[in-house]
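For reference, the structure is listed below as structure tokens.
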Amino acid sequence: VQAHVPQLKPPPCNVNDGEQCVEAKGMKAMIFFVALYLVALGSGCVKPNMLAYGGDQFEQNDPKQLKKLSTYFNAAYFAFSVGQLVSLTILVWVQTHSGMDVGFGVSAAVMAMGLISLICGTLYYRNKPPQGSILTPVAQVLVAAFSKRNLPSSPSSMIRVEQVEQVKILLSVIPIFSCTIVFNTILAQLQTFSVQQGRAMDTHLTKSFNIPPASLQSIPYILLIFLVPLYDTFFVPFARKFTGHESGISPLRRIGFGL
């Protein structure tokens with residue numbers, strides 16, 4: 001809406017010509033930042049949970065289901081790469097030739113279609129009922145460990161062995177998460193620094209055709225579209241013969257090799 005209504009936008013300016021741009025203030029700035037926060041909320045909360053929710057649809061104790069689970073995550077990553085490629089090529093072309101408002105409108109329409117598709121399958125999903133906050137057993141274990149640090153080791157009446165194991169698993173994930181911070185920091189540069197570099201480059205392939213600077217981000221996703229099917233079709237069955245793991249190699253090793 002803000003990209004379409006002129007009254008909600010600051011006046012246009014051309015930075016390349018040294019023109020001084022007017023800063024958005026008041027209602028214009030508020031609408032802009034609310035939109036950014038909504039995008040961050042959707043990307044940071046909805047998208048990761050959707051992948052995990054899809055994984056919950058498979059039975060963890062069934063070997064056949066475990067094979068399908070590995071294929072599911074690879075297929076989800078493949079679909080994510082295709083979506084990124086479409087948005088960075090076709091959608092960028094639409095925004096360049098028809099305006100940002102049309103590009104945002106197409107994106108909103110596609111997301112609405114995806115939401116409707118998700119809701120239509122509600123009756124068929126396997127739902128796990130919530131079992132309380134994960135922070136409660138963690139806090140109980142930590143408090144019990146601190147309060148009984150000088151006492152002989154003995155089972156606590158309040159703490160179960162399962163709770164202690166959950167805390168151990170959570171603590172073991174922290175180093176892995178810490179390593180991915182550097183990876184995600186570098187990945188974020190793909191969406192910012194590469195665009196700035198593209199604006200300074202000569203992106204003309206022919207006299208009449210040039211690659212938009214924003215589309216330079218699509219190069220890694222083009223590679224992933226080719227590599228993910230090869231990984232799932234050839235590498236996973238090959239590695240499974242040696243490791244006996246349904247996914248070829250364990251998720252932890254995949255993260256390690258990726259980093």
Side-chain ([X]) to main-chain ([Y]) donor-acceptor, under 3.5 angstrom:
X: Q217; Y: A214; result: yes
X: T243; Y: G248; result: yes
X: Y72; Y: L51; result: yes
X: Q57; Y: R126; result: yes

Quiz item: Can you check side chain to side chain contact (heavy atoms under 4.5 Å, CB included) on I119 and I116, steps first, answer last?
Solution: CA-CA 5 Å; I119 295 175; I116 294 173; 5.8 Å; no
Exercise. Apply side chain to side chain contact (heavy atoms under 4.5 Å, CB included) to V106 and list each qualifying residue two or more places apart in sequence or on a separate chain.
Key: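 Testing V106 for side chain to side chain contact (heavy atoms under 4.5 Å, CB included), a comparison that skips the adjacent residues, returns L91, V102, V110.
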Self-check item: Which residues share a side chain to side chain contact (heavy atoms under 4.5 Å, CB included) with I181, sequence neighbours left out
Solution: F177, T185
Quiz prompt | Heavy-atom neighbours of Y231 OH exceed 12 at 6.0 Å | solution = yes
Quiz item: Within a radius of less than 6.0 Å around CZ of F32, do more than 12 heavy atoms belonging to other residues, nucleotides or ligands occur?
Solution: no
Atom pair [atom1] ([X]) and [atom2] ([Y]), whose distance is rounded to the nearest 0.5 Å:
X: S215; Y: L85; atom1: OG; atom2: CG; answer: 9.0 Å
X: S81; Y: F226; atom1: OG; atom2: CZ; answer: 12.0 Å
X: N210; Y: M201; atom1: CG; atom2: CE; answer: 11.5 Å
X: T89; Y: I222; atom1: OG1; atom2: CD1; answer: 8.0 Å
X: I211; Y: L88; atom1: CD1; atom2: CG; answer: 12.0 Å
X: N74; Y: L230; atom1: CG; atom2: CG; answer: 11.5 Å

Practice problem: Test F78 against every option in L224, L227, V228 by the side chain to side chain contact (heavy atoms under 4.5 Å, CB included) rule and name the one that passes. | Solution: V228
